[in-house]
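Encoded as structure tokens, the structure appears first; notes follow it.
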Amino acid sequence: MLGRQVPDVTLKTRVRDESIGGDNPFRWQDVRTGDLFRNKRVVVFSLPGAFTPTCSNEQCPAFERFYDDFKAAGADEVYCVSVNDAFVMYQWGKHLGIKKVKLLPDGSGDFTRRMGMLVKKDHLGFGDRSWRYAMVADDGEIVAWFEEPGINDVGSDDDPYGETRPEPVLEWVKSHPRD
């Protein structure tokens, strides 16, 4: 993965627009991942799904807690990518109280597929989801890669979560200042 460019795909997002009025003042907005990564150092972590145990109880809240540390170490942004739609990601972030980490909905799995990290979670009834990984990208180029061992389509793992914790990613960012 090192040295690769992150995929430039369109994510379907929802943004608040007070001009719409009513109880649901949101509109669709296409966001290009190329634009999100351009001219920035970005930390990304990807996880199997919103509202799932490890993702909700540990991974996403941990990156939220370390957000200011990532910024202080030179990251411009921290993104969470999940193969969930914009509605689910919004409600999940609201449920968790996420205020700093940006939740990116990869509803069709296009980004995750192009990253080579799409796995089948049919054994849990989830369908296609992301394998757990994290990365640092400078101007869209992957400069650090963290991946849980045992990527598979048959659920022959215990949903590992160790390599992609925020601590090793933060240590890498601290020890590799951007040029």
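In this structure, Phe111 has no ring pair (Phe, Tyr, Trp, His ring centres under 6.0 Å) partners at least two apart in sequence or on a different chain. With sequence neighbours excluded, the residues forming a side chain to side chain contact (heavy atoms under 4.5 Å, CB included) with Asp159 are Pro48, Thr54, Arg132, Asp157, listed by chain and number.
In this structure, Trp28 has its ring center closer than 6.0 angstrom to the ring center of Phe87.
Nearest heavy atoms, Ser130 versus Ser46: OG-OG, 2.7 Å. Nearest heavy atoms, Cys60 versus Leu103: SG-CD2, 4.0 Å. Minimum interatomic distance between Met115 and Pro7 (heavy atoms only, all atoms of both residues): SD-CD, 3.3 Å. Shown here for Pro149 and Pro160, the closest heavy-atom pair between the two residues is O-CG, 3.6 Å. Of all non-hydrogen atoms in Asp139 and Asn39, the two that sit nearest each other are OD1-N, 2.7 Å. What you find for Tyr161 and Ala62 is that their closest heavy atoms are OH-CB, 4.1 Å.
Dense packing is recorded around NZ of Lys102, with more than 12 heavy atoms of other residues, nucleotides or ligands lying under 6.0 Å away.
Distance alone, capped at 3.5 Å, is enough to place a donor-acceptor pair between the Tyr79 side chain and the Leu36 backbone. With hydrogens and angles ignored, the 3.5 Å screen pairs a side-chain donor or acceptor of Glu64 with a backbone N or O of Lys100. Under a 3.5 Å cut-off, the side chain of Thr33 and the backbone N or O of Val9 do form a donor-acceptor pair. Using a distance-only test at 3.5 Å, with no hydrogens or angles considered, no donor-acceptor pair links the side chain of Thr112 to the main chain of Gly109. Listed for the Ser56 side chain is no donor-acceptor partner under 3.5 Å among the backbone atoms of Pro53. Without hydrogens or angle criteria, Lys71 side chain to Asp76 main chain gives a donor-acceptor distance under 3.5 Å. His95 places no side-chain N or O within donor-acceptor distance of the main-chain N or O of Gln91, the cut-off being under 3.5 Å. Listed for the Arg41 side chain is no donor-acceptor partner under 3.5 Å among the backbone atoms of Ala137. Looking at Asp106, its side chain does come within 3.5 Å of a backbone N or O of Asp110 through a donor-acceptor pair.
Phe37 is not connected to Val169 by any chain of hydrophobic side-chain contacts under 4.5 Å among Ile, Leu, Val, Met, Phe, Trp and Tyr, and they are in different clusters. Cluster annotation: Leu96 is connected to Leu47 through the hydrophobic network of ILVMFWY side chains, with a link wherever side-chain heavy atoms come within less than 4.5 Å. By the criterion of side-chain heavy atoms lying less than 4.5 angstrom apart, applied directly or through intervening Ile, Leu, Val, Met, Phe, Trp or Tyr residues, Leu170 is grouped together with Val136 in one hydrophobic cluster. In the hydrophobic clustering of this structure, Ile142 groups with Leu104; members are Ile, Leu, Val, Met, Phe, Trp, Tyr whose side-chain heavy atoms approach within less than 4.5 Å, directly or through other members. If you chain together hydrophobic residues whose side chains sit under 4.5 Å apart, Trp145 and Phe45 never meet in one group.
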> Met135 and Val6: side chain to side chain contact (heavy atoms under 4.5 Å, CB included), yes or no, with the steps?
Replying inline: CA-CA 10 Å; Met135 67 176 165; Val6 296; 3.6 Å; yes
> What's the verdict on salt bridge (charged side-chain N to carboxylate O under 4.0 Å, His left out) for Glu141 and Arg4, showing C-alpha distance, side-chain angles and the deciding distance?
Replying inline: CA-CA 6 Å; Glu141 179 186 337; Arg4 277 182 52 188; over 6 Å; no
> How far apart are the C-alpha atoms of Val31 and Thr10, what are their side-chain angles, what is the distance that settles it, and do they pass the side chain to side chain contact (heavy atoms under 4.5 Å, CB included) test?
Replying inline: CA-CA 5 Å; Val31 174; Thr10 299; over 6 Å; no
> Going through the checks in order, is the side chain to side chain contact (heavy atoms under 4.5 Å, CB included) test met by Trp131 and Asn152?
Replying inline: CA-CA 8 Å; Trp131 189 252; Asn152 67 85; 3.9 Å; yes
>> salt bridge (charged side-chain N to carboxylate O under 4.0 Å, His left out), that's the test. Do Arg165 and Glu163 meet it? Break it down for me.
In response: CA-CA 6 Å; Arg165 292 174 302 108; Glu163 301 296 320; over 6 Å; no
>> Run Val81 and Val44 through side chain to side chain contact (heavy atoms under 4.5 Å, CB included) and show every step you take.
In response: CA-CA 7 Å; Val81 177; Val44 178; 3.8 Å; yes
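Residues Phe66 and Glu167 have side chains in contact (heavy-atom distance under 4.5 Å, counting atoms from C-beta outward). Residues Asn84 and Phe51 are not in side-chain contact: their nearest non-hydrogen atoms beyond the backbone lie 4.5 Å or more apart. Leu118 is listed as a side-chain neighbour of Val83, based on a closest heavy-atom distance under 4.5 Å. Proximity of Asn24 to Arg14: side-chain heavy atoms (C-beta onward) are separated by under 4.5 Å at one or more points. Looking at heavy atoms from C-beta onward, Asp85 lies out of side-chain contact with Ser108 at the 4.5 angstrom threshold. With a 4.5 Å cut-off on side-chain heavy atoms, Glu147 and Met117 count as touching. Looking only at side-chain heavy atoms (C-beta outward), Asp8 and Arg32 come within less than 4.5 Å of each other. Contact check for Ile20 versus Arg27: side-chain heavy atoms found under the 4.5 Å cut-off.
Side chains of Glu148 and Thr164: a donor-acceptor N/O pair is present below 3.5 angstrom, by distance only.
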